[in-house]
Amino acid sequence: QVQLVESGGGLVQPGGSLRLSCVASGGTFSYNDMAWYRQFPGKQRELVASISSHYTRDYTDSVKGRFTISRDNDKNTMSLQMNSLKPEDTALYYCNLKQPIFQGGREYWGQGTQVTVSS
């Protein structure tokens, strides 16, 4: 069974940077599609960025040009480099993993890491 462990959240001033990391165990990591989601208080979890097993990247419009998603299959990790942070980026950020149908097609979530952007 797959487990995801996130780290890197914290408090940062507007305009600052943070780097979130997600380490996966179990399964064959290179086969998986990965993504970062975030959840604002009282709101539905929403997609921030994704990176497929073929390294195709997509971003929600509000973070384009500021955030960069990456993965390292040798280390079973995914990262989100967040630059030029805004107070509106304050949220609980989740790591997401989607298995290919060949491995069962299940979806997994990390526990979440808090990002707070405030002066």
Side-chain angles (χ1 to χ4, degrees):
Q1 190 172 16
V2 172
Q3 291 187 332
L4 303 173
V5 179
E6 302 164 344
S7 62
L11 175 65
V12 66
Q13 294 186 8
S17 298
L18 285 173
R19 185 176 181 87
L20 306 183
S21 295
C22 173
V23 181
S25 60
T28 303
F29 184 78
S30 62
Y31 289 169
N32 302 319
D33 292 332
M34 304 293 297
W36 288 98
Y37 286 73
R38 65 187 178 187
Q39 186 173 29
F40 305 112
K43 301 295 184 180
Q44 186 81 24
R45 197 160 40 189
E46 65 181 39
L47 179 66
V48 178
S50 63
I51 181 167
S52 74
S53 62
H54 294 91
Y55 291 84
T56 298
R57 296 168 175 176
D58 285 299
Y59 302 90
T60 190
D61 287 342
S62 63
V63 308
K64 287 181 179 177
R66 300 188 298 121
F67 291 10
T68 302
I69 190 170
S70 61
R71 67 190 295 164
D72 186 340
N73 290 343
D74 292 333
K75 298 181 179 179
N76 290 354
T77 61
M78 176 186 65
S79 297
L80 184 68
Q81 179 66 45
M82 304 185 295
N83 299 325
S84 302
L85 282 162
K86 305 175 180 180
E88 306 92 273
D89 296 316
T90 296
L92 190 62
Y93 284 72
Y94 292 92
C95 176
N96 171 263
L97 180 154
K98 180 67 181 296
Q99 293 179 320
I101 301 299
F102 180 80
Q103 290 191 313
R106 291 196 63 182
E107 193 168 17
Y108 297 88
W109 297 92
Q111 80 287 350
T113 184
Q114 179 67 39
V115 172
T116 302
V117 185
S118 177
S119 60

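In what follows, residues are counted from 1 in the order of the sequence shown. Only this structure's heavy atoms are used, side chains among them; waters, hydrogens and symmetry mates stay out.
In this structure, CG in Leu85 is found 10.5 Å from OG1 in Thr116, a value given to the nearest 0.5 Å. Taking NE2 of His54 as the reference point, atom OH of Tyr31 lies at 10.5 Å (rounded to 0.5 Å). Here the NZ-OG distance, from Lys98 to Ser50, works out to 12.0 Å after rounding to the nearest 0.5 Å. Distance CD/Gln111 to CG/Leu4: 8.5 Å, rounded to 0.5 Å.
Here the closest non-hydrogen pair linking Ser53 and Asp33 is N-OD1, 2.9 Å. Shortest non-hydrogen contact noted between Thr113 and Ser7 is OG1-C, 4.4 Å. Residues Ser62 and Arg38 come closest through the heavy atom pair OG-NH2, 3.2 Å. Shown here for Val2 and Tyr108, the closest heavy-atom pair between the two residues is O-CD2, 3.5 Å. Counting all heavy atoms, side chain and backbone alike, Ile51 lies closest to Arg71 at O-NH1, 3.4 Å. Met78 and Cys95 make their closest contact through CE-SG, 3.5 Å (heavy atoms, listed as atom of the first residue, atom of the second, distance).
Each of Trp36 and Phe40 belongs to its own hydrophobic cluster when Ile, Leu, Val, Met, Phe, Trp and Tyr are linked at side-chain heavy-atom distances under 4.5 angstrom. Transitive grouping of hydrophobic side chains (ILVMFWY, heavy atoms separated by less than 4.5 Å) brings Leu97 and Tyr55 into a common cluster. Under the 4.5 Å side-chain heavy-atom criterion for ILVMFWY residues, no single connected hydrophobic cluster contains both Tyr94 and Leu80.
Between the side chain of Asn32 and the backbone N or O of Met34 there is no donor-acceptor pair closer than 3.5 Å. Distance alone, capped at 3.5 Å, is enough to place a donor-acceptor pair between the Glu6 side chain and the Gly112 backbone. Of the possible polar contacts, none joining the Arg57 side chain to the Ser52 backbone as a donor-acceptor pair under 3.5 Å is found. Here the side chain of Tyr59 pairs a donor or acceptor atom with the backbone of Ile69 at under 3.5 angstrom.
Judged as a ring-ring contact (aromatic ring centres under 6.0 Å, His included), and not counting sequence neighbours, the contacts of Tyr37 are Trp109. Contacts of Arg45 classified as side-chain hydrogen bond (donor to acceptor under 3.5 Å, both in side chains), with partners at least two apart in sequence or in another chain: none.
Salt bridge absent: Lys86 and Asp89 never bring a charged side-chain N and a carboxylate O closer than 4.0 Å.
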Are Tyr93 and Gln114 close enough, and set up right, to give a side-chain contact (heavy atoms from CB on, under 4.5 Å), and what steps lead you there? CA-CA 6 Å; Tyr93 284 72; Gln114 179 67 39; over 6 Å; no
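More than 12 non-hydrogen atoms from other residues, nucleotides or ligands lie less than 6.0 angstrom from CD of Gln39.
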Indicate every side-chain donor-acceptor pair of residues 9-28 with a distance under 3.5 Å to a residue at least two apart or in another chain.
{"unit_1": "Ser17", "atom_1": "OG", "unit_2": "Asn83", "atom_2": "OD1", "d": "2.8"}
{"unit_1": "Arg19", "atom_1": "NH1", "unit_2": "Gln81", "atom_2": "OE1", "d": "3.2"}
{"unit_1": "Thr28", "atom_1": "OG1", "unit_2": "Gln103", "atom_2": "NE2", "d": "3.2"}

